[in-house]
Amino acid sequence: MSQNETPESVQNEQKLEQFSYDDKSVKLFIHATLIWGVVALLLGVTIAFQLASWKFNFELPWLTFGRLRPLHTNAAIFAFVGNAIFAGVYYSIQRLLKTRLYSDILTKIHFWGWQLIIVLAAVTLPLGITTSKEYAELEWPIDILVAVIWVIFGINFFMTLKRRRERHIYVAIWFYIATIITVAVLYVVNNLEIPVSLMKSYSVYAGVQDALVQWWYGHNAVAFFLTTPFLGLMYYFVPKAVNRPVYSYRLSIIHFWSLIFVYIWAGPHHLLYTSLPEWVQTLGMAFSVALWAPSWGGMINGLLTLRGAWDRVRREPILKFLATGVTFYGMATFEGPLLSIKSVNGLAHYTDWIVGHVHSGTIGWNYMMVAGILYYMVPKIWKTELFSTKLANFQFWTATIGLLMYIVSMWVAGITQGLMWRAVDETGKLVYPNFVETVVKIVPMYWVRAFGGVLILAGFIAMVYNLYKTIQSAKVEEKEDVFATAPLSAQPIDSHGGSHRKLEGLPLVFSVLAFLAILVGSMIELMPSIMSNKFIVKDARVKPYTPLEIVGRDIYVREGCYTCHSQMVRPMVDETLRYGKRSEAAEFVYDRPFQWGSRRIGPDLHRVGGKYSHMWHYRHMLDPRKVTPGSLMPVYTWLFKSKIKYGSIPKKMQVLKALGTPYSEDEINNSIRNAEEQALTIMAELERDGVDSKMRNKEIIALIAYLQRLGTDMGGSDEVTSAE
Amino acid sequence: MKSQVLSSFAWTDLTVLAFIIFLTFFVAMIYWVFRKGSKNLYKSVEQLPLEEAPVVRGEA
């Protein structure tokens, strides 16, 4: 019952405006979703096998786990899910607003620009060109491109909104607006960096600040890229698929405002027990737990929209996928707040439990929703019937079973390993002092996970085949359909209550309000850290890295060691027993970017400096299993072949100096000589252990310099273990 | 000046401030959503996805 049936528009048929939809672009985004979906899942399966057996690293730099994992996450989030969002958003806003997308040219630039970004990511990340900030690994030139294309998307979207022929703005569109605004803010703020060269930059934030900004971003990438757009899609496609309105429109409004308001605060739950100030941690935990309510409000709203249609859910693939997707949204958003409770987090953080949680979100929620939406859209816009319902059901079962294998194996692996790490006997000693024992124990679970992944991939390929067969059966169409409706000007301003229009009906006012909602949380959380130098207590014992250590650190970043190693000893008995003194905020003031990591596939490295001899590291990097049988760390033979790029040091130091690291001009001018001398000292010790002096200018030496420096400023570990 | 202000400020107060802002926001929102006369409006808006513009040329 809306304006179309009001007397004016019925009487003045001639006043109707004609228009068509740009479904060609939607089709392009659908193709891209299918292609990148296969790539993202294939990468996921690859790295899953690399953890089951190190041999799958193939001793090739660009195929190692540390470089492929970032590519997998970026491909899944930005390539697969990203293209799916654009397809769904462009399809639904045209129909909800009864208008064509604002500009065919902008839509084209948006499409090809986004694909270019993905290709650039696929080239640079395996080459080790990375900022190492999770889900924001792309280097600065690509960051700029992302920002530009995102703004183009925004312009295209808001101009379409302006040209709408429907006065009211349906709730799905609010979720899209919040997405566009927030992702822009998050991406820009987190990626502020100063270039050293075309392919290398340093973050403007250091240490604790960098961590806080990164996880404010990281968490909200989940919130505003993987969640809000999909909630918008849910509010459009679920009612469409069952042909009845959403269960409660009021609930959807409450869902929207409380979700975007609360989500933005929750980031610090990624940093519980770290050197982040207590009050920020408490804030993050409280808001994360609160997040449970709006999330479940949304899930219930989605599921109850399906009420009375459950027999169809059993029969129709579209509804099956949508219902499962929404259910997993509920599961993931129940687990998330649970994991944010400090004591639970203490056990689960750094383990595979978190990895499982992430996948119940990305596979359970995003992948299932994408599948449901594609099964809905493809037959609709190609005007044909789905090729095979059987195949779609096959995909449903492989995806569901594969995902359950994934989640359960990660629960088992995560909890097992977490408990082993913290097991302390009556005499106060660690029960499993050798970290690798806790690794070997969970390797069987890695195999289960990998095969779960294969099932998920197989199901996806079945969908790709199914949809291409569907598309093939469609008639080739030259002309677009033409629709007609009354222009906005011919529609009554508002038949029901004017105050609504001021708030929810005007896109500009609405966008400003949504922006404010996310700004409040962001400011309160980030400002203290950015504005106040009192935030982090400086400690005179902490000194900047030496020139050679800078080079070593950049190698550590390039190789993605942070994907397997944390650098943050938490203040718990078992951690101080295992690694040494707890990490303190002051120790990270020169860390650009911070390297706290998020998963301990290998042990924490913050106190590794001085723990072993140079020779131990030398042999370990060459073949970890010679030193630690059972290790699943990749070999890094190329570090023993490529040379240290001494020439790059002064420029790096200048940038770091500009950012606040206290290097003197003299130190910068003499940096190359200084680095060569430090390399020679390390070499002298290695030569005594029989290493050829030719190795002195190889990258491994710089890496050893960095590793030996880690965590030593405030007194490192006491015993040195030799190589034998 | 700025640093003086900042140094006398206890960051922990922000937690309380955050809670107050959130509570105010939430109460205001609930009040807004259940305000008088909103029912009919929501009844019509929730139909939007189900309405399709009529086709004049083509087959959809």
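Sequence lines set the chain letters: A, B, ... in the order given, protein chains first and strands last, and positions in each chain run from 1. Just so we're clear, the structure is a prediction, and the values are computed from it rather than from any experiment.
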Checklist entry - Any side-chain heavy atom of B:Val56 within less than 4.5 Å of one from A:Phe483? => result no
Checklist outcome for this item: If one checks every heavy atom of A:Val171 against chain B at 4.5 Å, the contacting part turns out to be neither
Checklist entry - Which bit of A:Tyr21 comes within less than 4.5 Å of chain B, counting heavy atoms only: side chain, backbone, both or neither? => result side chain
Next on the checklist: Check this for me, if you would: do B:Glu51 and A:Lys98 make a salt bridge, where the nitrogen-to-carboxylate-oxygen distance has to be below 4.0 angstrom?
Outcome noted: yes
Checklist entry - So which residues of residues 516-524 of chain A are in contact with chain B at a heavy-atom cut-off of under 4.5 Å? => result A:Val520, A:Ile524
Next on the checklist: Checking A:Ser288 now: which residues fulfil side chain to side chain donor-acceptor pair (under 3.5 Å) with it, not counting sequence neighbours?
Outcome noted: A:His269
Checklist entry - Which value, rounded to the nearest 0.5 Å, describes the distance between B:Ser38 atom OG and A:Tyr249 atom OH? => result 11.5 Å
Checklist entry - Of all residues at least two apart in sequence or in a different chain, which pass the side chain to side chain donor-acceptor pair (under 3.5 Å) check with A:Glu480? => result A:Ser20, A:Arg100
Checklist outcome for this item: The complete set of salt bridge (Lys or Arg N to Asp or Glu O under 4.0 Å) pairs with one or both residues in residues 237-248 of chain A, sequence neighbours excluded, reads A:Lys240-B:Glu52
Next on the checklist: Quick check on A:Phe237 against chain B: is it the side chain, the backbone, both or neither that has a heavy atom closer than 4.5 Å?
Outcome noted: neither
Checklist entry - What distance separates B:Tyr42 OH from A:His168 NE2, expressed to the nearest 0.5 Å? => result 11.0 Å
Checklist entry - Between A:Phe287 and B:Phe22, does the ring centroid distance fall short of 6.0 Å? => result yes
